[in-house]
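In what follows, a single structure is set out as structure tokens and then discussed.
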Amino acid sequence: METELPVIQEQDITHINVLGARVHNLKNIDVHIPRNQLVVITGLSGSGKSSLAFDTIFAEGQRRYLETFGTYARQFLGNLERPDVDQITGLSPVISIEQKTTSKSPRSTVGTTTEIYDFLRLMYARTGEAYSYNTGKKMVKFSEDQIVEQVMEQFSGKKISILAPVVRGRKGHYRELFEKIRKQGYLKVRVDGDIIDIQPKLQLDRYKIHDIEIVIDRLLVEDKDLQRIRISLKMALDEGQDLIFILENDSNETYTFSKQLMCPETGLSYEEPSPNTFSFNSPYGACPSCNGLGFVFKPDMDKIIPNDTLNIHDGGLAPIGTYKSNITFQLIEKILQKNKENLQTPIRSISKASMDAILYGSREKSEVKSSEKSSLHISFDGIITQIQKSYETNNSEPLRRWAEEYMTESDCDACKGYRLKKEALWFLLDDKHIGHLAEMGLDELRQWLEELPEKLTPSQQTISREIIKELLSRVDFLLNVGLSYLSLSRPSGSLSGGESQRIRLATQIGSQLQGVTYILDEPSIGLHQRDNQRLIQSLKSLSEIGNTVLVVEHDKDIMLAADYILDIGPGAGEHGGKIVAQGTPKHFLQQDTETCAYLNGTKEIALPKKRRKGNGNILRLKGAKGNNLRNVDVHIPLGTLTCITGVSGSGKSTLINETLYRILNKHFFRAVAKPMPYTAIEGLEHLDKVIEIDQAPIGRTPRSNPATYIGVFDQIRNLFASIPEAKIRGYKPGRFSFNVQGGRCEECEGGGMKLIEMNFLPDVYVECSKCLGKRYNKETLEIKYKGKSISDVLNMTIEHATEFFEHVPQIYRKIKTLNEVGLGYVRLGQSATTLSGGEAQRVKLSEELSKKDTGKTIYILDEPTTGLHFEDIRMLLEVLQKLVNKGNTVLVIEHNLDVVKVADYIVDLGPEGGSGGGRIIATGTPEDIIKNKDSLTGKFLKLEMKK
């Protein structure tokens, strides 16, 4: 008997109606979400929030959009699975703004992502004032007569070609253009730097970018030819639209002359500026030395000679390693012998002359053996020269990677990190070039833009009025989501998930779209309480103009400011997936769920009865000067839970992640990442290792799982291999691995699922028909421990496995810690790709807890509460406190006040973000911080601790 799907009345357009959602752990739920309102979806980590918001509502919206394309187009767009849901009605076009950085490309910046830089390029192209980079004087425009005089003087007695540019940096075959030029009587053109004859039916590759100039005249510059030169230059200026090139035939150098801009003293000419002149992603604006990246790779002496007490024979020169009988070592030996040194001489004792020759090369030829019977007379290029040549080569990727190991990134000397060619940086407005604006903090940029019109001429004001208005509007949107400390030059790849999400949110607000469903994933990540209200106002402004805004969020302020709240639970994983509470904030607070209890104050994370003083040892970092840090000295008491706080952009990540962590990582593990500038560090002798615990996945493939990550699966396999039946059959631990041949099901290669390719439909994963999803072959599954096969064990929840392995100490100890960190609902063999960031972090923490440690470890966590519910935070804090109770130090960068209030010690940075930050405002216990009137964190912490 067929069951009828529930049908929603068509007139209900006030809600998004989701019926029978079963994606991941959702329990066939029905949800009615009010449209054109700010709706928060909350619940424990792993309860099914993202499954509802992203994997059901967004996935269906995206699938419907793709279905509007034809079959032919869809095969190029990839396939989208239909979410496991009965029906969704009332769904408008969906835009998802997730916690993913916009782009990892070094060419993508905050300015390019938000299009603010595009408007600045337009403003500089239309109103910028050009200055000569030779004299610093303002450029002037010349008449035709002045250009003639300049050519006669500069090229007297030289052979030149007068060229008129007609195509610049555009694609096309240009067959009709060549025919037109031929009919005008011209015989030659210069195409992409080469002068060629115009043949009938001449055409170029239509998919490549071309530069084409007409060769107007070729002649020797003499006084008697003045009239001819005058006529040719006039024709060239007409054809080239006031721009001509003079090619000096002997040197092959090209000079630009324009009726537009020229230096009055040196005759230096600039092309008429266009927006591309100021684009570092265009060949017409990018610095030629760094190709518009702003940085170059240079050989790093610290990487080439990591230890100068070693000799060359034993590997003192890292790029060539220890001694080998090859030409390189023979040449180095010959260089050393000239100064009575050898390969056994410590590098620090080798003379400067010898080291310079070894590193930079020598022209002097030496005889070396190329084989037993033959020899060569060759000179030595030098180690550094070889590294540079290998890096610049385009035909060998392994060679390039080898060179990169011994190089370090540094600012380009030509453009000083501004990414643009020299000419572009000499167009000024109010004595600032476009590179200066890209380096400003957004709050500083806004002030500059506001004051700019007063400093412009009436004509410039007229041209720039609309551009400045648009710029101010876009900068304001970014300021309203708490990003005042960012600069336009900041690479997109360096932004946190929350920052990139808020940038995309600001861009969407600026687009003023209506009738859209926006889905956001924790936009408050990395945001200080001070900026929360501005973010809430931005979200509300989206819903007020007629959009539905769905926010997956745990932040109290955003929840209470929402129009409607959905709480998914009651637990996580298979214990979740149900709607446990919903309603307006007022109605929601009266309900009885875990979330409601934390919001209405009936449940809270308690303050510790006593704050730790530490073990008496202190880690001191002195003179930290990276990014916006202002010569900061920081003291961290060891054996404590220490919190680093401060508004967004105040310098927390620079101080801890980019300075302290890198110093410790280099000291304990010889890591190559260079710390930011600092003066000194003291107290390293009191530590024996540093561990960073982030929310990155514990594995990138579905084959990774909690059991393999914490190493307990090896012991489970050993246990199964020790069963008498397994011994009789000769099974070894490898037999019970689903990654190698032998015990696994070969039909699905141990995956349990098979991929079925559907030509024009989404690929489908189906259960393997041979092993029925159990991953192993029949013989392997016959081996049982306490009545359970290896497949049954992988399908156990951690909660169940804790009881099952209670009498196997080495397995029990590791699984017990997973259970203690609140992951009892996760299955031992659950795919790593299905774990949330918070769950992955707790798996890593449990691995640390299960180790027998020395109590001298420092753990560094950057915003560990990301994606965590109040109850998850309580469990996380219990784990962190256990680590500290063992004598370790836990250092946390955090905005969440539930974590900050239980810390033993706080270091508060500020007072503002960007250039207004970088100083330590307050240090001490939470009680000390709330007494400090300069601390913004203290102000909000005081309110939290009063509750």
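Side chains of E499 and Y485: a donor on one and an acceptor on the other come within 3.5 Å. In summary, the side chains of R490 and S494 do present a donor paired with an acceptor at a separation below 3.5 Å, with no hydrogens or angles considered. Side-chain N/O atoms of D567 and T593 include a donor and acceptor closer than 3.5 Å.
Taking CG of N896 as the start and CG of D555 as the end, the distance is 8.0 Å to the nearest 0.5 Å. For the atom pair OH of Y518 and OG1 of T548, the computed distance is 10.5 Å after rounding to the nearest 0.5 Å. Note that the OG atom of S524 and the NE2 atom of H554 stand 9.0 Å from one another [nearest 0.5 Å]. The CD1 atom of I536 lies 5.0 Å from the CG atom of D557; values are rounded to the nearest 0.5 Å. Atom CZ of R121 and atom CZ of F119 lie 10.5 Å apart (nearest 0.5 Å). Note that CG of L513 is 5.5 Å distant from CD1 of I95, once rounded to the nearest 0.5 Å.
In terms of heavy atoms, Q841 sits closest to P864 at OE1-O, 2.8 Å. In this structure, S51 and N25 approach most closely via the heavy-atom pair OG-OD1, 4.0 Å. For the residue pair T645 and V900, the shortest heavy atom distance occurs at CG2-CG2, 3.8 Å. In this structure, T114 and G111 approach most closely via the heavy-atom pair OG1-O, 3.4 Å. Closest heavy-atom contact between G913 and V647: N-CG2, 3.6 Å. Residues S543 and Q37 share a closest heavy-atom pair of CB-C, 3.9 Å.
With hydrogens and angles disregarded, no donor-acceptor distance shorter than 3.5 Å links the side chain of R35 to the backbone of S92. The backbone N or O of V516 sits less than 3.5 Å from a side-chain atom of N547, completing a donor-acceptor pair. At distances below 3.5 Å, not a single donor-acceptor pair connects side-chain atoms of S108 with backbone N or O atoms of S492. Here the side chain of T602 pairs no donor or acceptor atom with the backbone of Y598 at under 3.5 angstrom. Proximity of a side-chain donor or acceptor of D872 to a complementary backbone N or O of H869 within less than 3.5 Å is detected. Panel note: side chain S47, backbone L44; a donor-acceptor pair is recorded below 3.5 Å. Using modelled atom types, no side-chain atom of K603 and backbone atom of A597 make a donor-acceptor pair closer than 3.5 Å. Checking side-chain atoms of E863 against main-chain N and O of G526 turns up a donor-acceptor pair under 3.5 Å. Remark: the backbone N or O of E450 is not paired with any side-chain donor or acceptor of R446 at under 3.5 angstrom. Looking at N600, its side chain does come within 3.5 Å of a backbone N or O of L589 through a donor-acceptor pair.
Counting heavy atoms from C-beta outward, I568 and K578 have side chains that stay 4.5 Å or more apart. Side-chain contact between P523 and L520 is present, with heavy atoms from C-beta onward closer than 4.5 Å. You'll find the side chain of V23 stays beyond 4.5 Å of the side chain of L52, heavy atoms only. The closest side-chain heavy-atom distance from V549 to V39 is not below 4.5 Å. The shortest distance between side-chain heavy atoms of H528 and T937 falls below 4.5 Å. Side-chain contact between V821 and M875 is absent, with no heavy-atom pair separated by less than 4.5 Å. Residues D862 and E894 are not in side-chain contact: their nearest non-hydrogen atoms beyond the backbone lie 4.5 Å or more apart. With a 4.5 Å cut-off on side-chain heavy atoms, E444 and S484 do not count as touching.
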**Study point:** side chain to side chain contact (heavy atoms under 4.5 Å, CB included) evaluation trace for I88 with T56
**Key:** CA-CA 9 Å; I88 299 181; T56 305; 4.0 Å; yes

Practice item. List the steps, then state whether salt bridge (charged side-chain N to carboxylate O under 4.0 Å, His left out) holds for K556 with E944. Key: CA-CA 11 Å; K556 286 179 193 174; E944 179 69 24; 3.5 Å; yes

Point to revise | Steps toward side-chain hydrogen bond (donor to acceptor under 3.5 Å, both in side chains) verdict (R534, N480) | key: CA-CA 5 Å; R534 291 158 92 181; N480 289 340; 4.6 Å; no

Exercise for review: Carefully, step by step, assess D563 and K540 under the rule salt bridge (charged side-chain N to carboxylate O under 4.0 Å, His left out).
Suggested key: CA-CA 9 Å; D563 300 311; K540 280 195 167 290; 3.4 Å; yes

Review point. Can you check side chain to side chain contact (heavy atoms under 4.5 Å, CB included) on L471 and I467, steps first, answer last?
Key: CA-CA 6 Å; L471 279 165; I467 302 175; 4.0 Å; yes

Exercise for review: Take D55 and L26 through the side chain to side chain contact (heavy atoms under 4.5 Å, CB included) test and state the conclusion after the steps.
Suggested key: CA-CA 11 Å; D55 302 327; L26 296 178; over 6 Å; no

Practice item. Test L505 against L535 for side chain to side chain contact (heavy atoms under 4.5 Å, CB included), laying out the working first. Key: CA-CA 10 Å; L505 172 63; L535 173 63; 3.7 Å; yes

Practice item. Please report the C-alpha distance between R22 and D86 in whole Å, then the side-chain angles of each, then the deciding distance to 0.1 Å, and finally whether the salt bridge (charged side-chain N to carboxylate O under 4.0 Å, His left out) criterion is met. Key: CA-CA 9 Å; R22 294 175 294 275; D86 292 337; 2.9 Å; yes

Review point. Between Y564 and Q582, is a side-chain hydrogen bond (donor to acceptor under 3.5 Å, both in side chains) present by the stated rule, with each step listed?
Key: CA-CA 7 Å; Y564 199 82; Q582 57 185 310; 3.0 Å; yes

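Atom NZ of K469 has 12 or fewer heavy atoms from other residues, nucleotides or ligands within 6.0 Å.
Q87 pairs in a side-chain contact (heavy atoms from CB on, under 4.5 Å) with only one of the listed residues (L19, N17, V18, D30), which is L19.
Ion pair R63/E60 flagged as a salt bridge, since at least one NZ, NE, NH1 or NH2 atom sits closer than 4.0 Å to an Asp/Glu carboxylate oxygen. Of the charged side-chain nitrogens involved, none lies within less than 4.0 Å of a carboxylate oxygen, so that E604 and R874 do not count as a salt-bridged pair.
Listed by first and then second residue, the ring-ring contact (aromatic ring centres under 6.0 Å, His included) pairs involving residues 570-592 amount to none (not counting sequence neighbours).
Aromatic ring centres of Y117 and F280: separated by under 6.0 Å.
Among residues two or more places apart in sequence or in another chain, the salt bridge (Lys or Arg N to Asp or Glu O under 4.0 Å) test is passed with K844 by D694. Partners of R827 according to the salt bridge (Lys or Arg N to Asp or Glu O under 4.0 Å) rule, which considers only residues two or more places apart in sequence or in another chain, are E574.
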